[in-house]
Number of protein chains: 2
Amino acid sequence: MSKEPTSQNQDRPFAPALRRLREAGLRPTRQRLALARLLFDGGCDRHVTAEALHEEAIANGVKVSLATVYNTLHQFTDVGLLREVVVESGRAYFDTNVTDHHHFFYEEDGRLEDIPGDRITLGNLPDAPRGNAVSRVDVVIRLKSG
Amino acid sequence: MSKEPTSQNQDRPFAPALRRLREAGLRPTRQRLALARLLFDGGCDRHVTAEALHEEAIANGVKVSLATVYNTLHQFTDVGLLREVVVESGRAYFDTNVTDHHHFFYEEDGRLEDIPGDRITLGNLPDAPRGNAVSRVDVVIRLKSG
DNA sequence: GTGATTGCAAATCTTTTGCACTAAA
DNA sequence: TTTAGTGCAAAAGATTTGCAATCAC
C-alpha cells in the first residue's frame, strides 16, 4: 500500500490548476502551478496584489521571487485567467473573477468586493468615439465607513 | 499713462485664480497661483498628471519643483478644487471637473475624456454594505482603437 | 516676526528588466 | 537538447518626506 507516492498520486490535487495552465497554453512550472493553486483552488473569487500573493506563497512554503509573481500575474492576465482592476494609483489588483462584473472599493482598508455584472444597470451608454471600440466598462463604487 | 504697472493692474489676470484659492482657504503663494492659473484659467476641463503639469509650468517660465506640484495637486484635491481619477496603476490623473461625471479612457495613448454625469444612467445600484456610505461611483469606459 | 510653504535631494514603494542559471518538454 | 522560465539584483518610475531656506500675512 503505502509505497512511494506515484506521480499520479502527487498530481491529483494539482490537476485542476494543471489543466487550467495547459488550456491557457502556459507551461506548468512549479511556481506557476503553486500560484495558480493559491489563486484558483480556494473556490472563491479573490483580489490580490503582487505583494500579498508573494507573501502568501512564501507563507505556504512556495519558493518564488516577487519578480516572478509579478511576471506570472501579468502572464495570467494576458491569457485571460486574471483581470487587472485599477482602483488606487500605485497599486495593482488582480481579480480571479474574469466575468463581467463591477466592484465595491473600501477606501478605508483598500479592500475590493465583487458586484455581479447584472446587479447594475448601465443604461444609455454613449457610443465609443469614432475609430474606437469599447474594450471594457468598469464601475467602481467607492465606500467610506460610516 | 504707461507708468509702472500698479499692483492692481498686475493682479487683474490673477484675480480668478486668486479668488479661487482664497475661497478654498489656501494661502495664495506664487506657485499655487501659477498652477491654479494653468489648471483653471484655460476655460476647459483638464486631466493632468503631476509630471505633465510640472513640465507645463516650467515651459511657461514658472519656477516650481515637481515635489511642490505633487503637494499642490493633493492640496487642491483635498479642498475640492480637483478630483483624482484612477485609470492606470502607477499614474495619477487630476481632473479639473469636480462635478458628477464619468470618463472615456483611451488605452492607446492614456488620454482621458469627460462624459457628463447625466449621459449615463446607472440603474439599480446596490446599497452600500452595512456601516458604509457611498463616497463616489466611477464609471470608466475603456477604449481601444479600431 | 512667525508660522505656512517651498525646494531640493534623498528615501520609499511598486513594478520592470537584464542576465546567468534551471527546468520543462 | 533546446527553449522557456526563474531568481536575483539592479534599474526605473512615481510619489513622499525631512529639513533648511523663503514667503505670505
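A, B, ... follow the sequence lines: proteins, then strands. Residue 1 opens every chain. Everything numeric in this text was worked out from a predicted model, so none of it was measured.
- Under a cutoff of 6.0 Å and an axis angle of 45°, A:Arg20 and A:Phe40 form a cation-pi pair.
- For B:Leu66, taking side-chain heavy atoms from C-beta onward, the closest of the listed nucleotides D:dT15, C:dT14, C:dT16 is D:dT15.
- For the pair B:Thr49 and B:Arg22, both in contact range of DNA chain D, the more 5′-proximal nearest nucleotide belongs to B:Thr49.
- Close to C:dT15, at under 4.0 Å from its OP1 or OP2, lies no side-chain N or O of A:His74.
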side-chain contact (heavy atoms from CB on, under 4.5 Å) evaluation trace for B:Arg142 with A:Val137: CA-CA 6 Å; B:Arg142 286 166 197 279; A:Val137 178; over 6 Å; no

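- A:His101 and A:Asp95 share a side-chain donor-acceptor pair at under 3.5 Å.
- Between the CG atom of A:Leu21 and the C1' atom of C:dA25 there is a distance of 15 Å, given to the nearest Å.
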List, with names and distances, any nitrogen or oxygen atoms from the protein found under 3.5 Å away from nitrogen or oxygen atoms belonging to nucleotides 1-6 of chain C.
residue	atom	partner	partner atom	Å
C:dG3	N2	B:Arg27	NH1	3.2
C:dA4	O4'	B:Arg27	NH2	3.2
C:dT5	OP1	B:Arg32	NH2	2.4
C:dT6	OP1	B:Thr29	OG1	2.6
C:dT6	O3'	B:Gln31	NE2	2.5

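- Contacts between residues 106-114 of chain A and DNA chain D, defined by a heavy-atom separation under 4.0 Å, are absent.
- The pair A:Asp45-A:Arg83 does not meet the salt-bridge criterion, since no charged nitrogen lies less than 4.0 angstrom from a carboxylate oxygen.
- C:dT15 atom C1' lies 14 Å from atom CD of B:Glu88, rounded to whole Å.
- Remark: the backbone N or O of A:Val64 is paired with a side-chain donor or acceptor of A:His54 at under 3.5 angstrom.
- Per the geometry, CG belonging to B:Leu18 stands 12 Å off C1' belonging to D:dA24, to the nearest Å.
- Between B:His74 and B:Phe94, the ring center distance clears the sub-6.0 Å criterion.
- Although no hydrogens or angles enter the test, the distance criterion places no donor-acceptor pair under 3.5 Å between the side chain of B:Asp114 and the main chain of B:Pro116.
- With respect to A:Arg46 and A:Glu56, a salt bridge is recorded, a charged nitrogen being found less than 4.0 Å from a carboxylate O.
- Atom P of nucleotide D:dC25 and atom CG of B:Leu33 are separated by 10 Å, given to the nearest angstrom.
- Between the C1' atom of D:dG7 and the CG atom of A:Leu35 lies a distance of 14 Å, rounded to the nearest Å.
- For the atom pair CG (B:Leu73) and OG1 (B:Thr68), the distance works out to 10.5 Å, reported to the nearest 0.5 Å.
- When the side-chain nitrogen and oxygen atoms of B:Tyr70 are compared with OP1 and OP2 of D:dT16, none of them lie within a distance under 4.0 Å.
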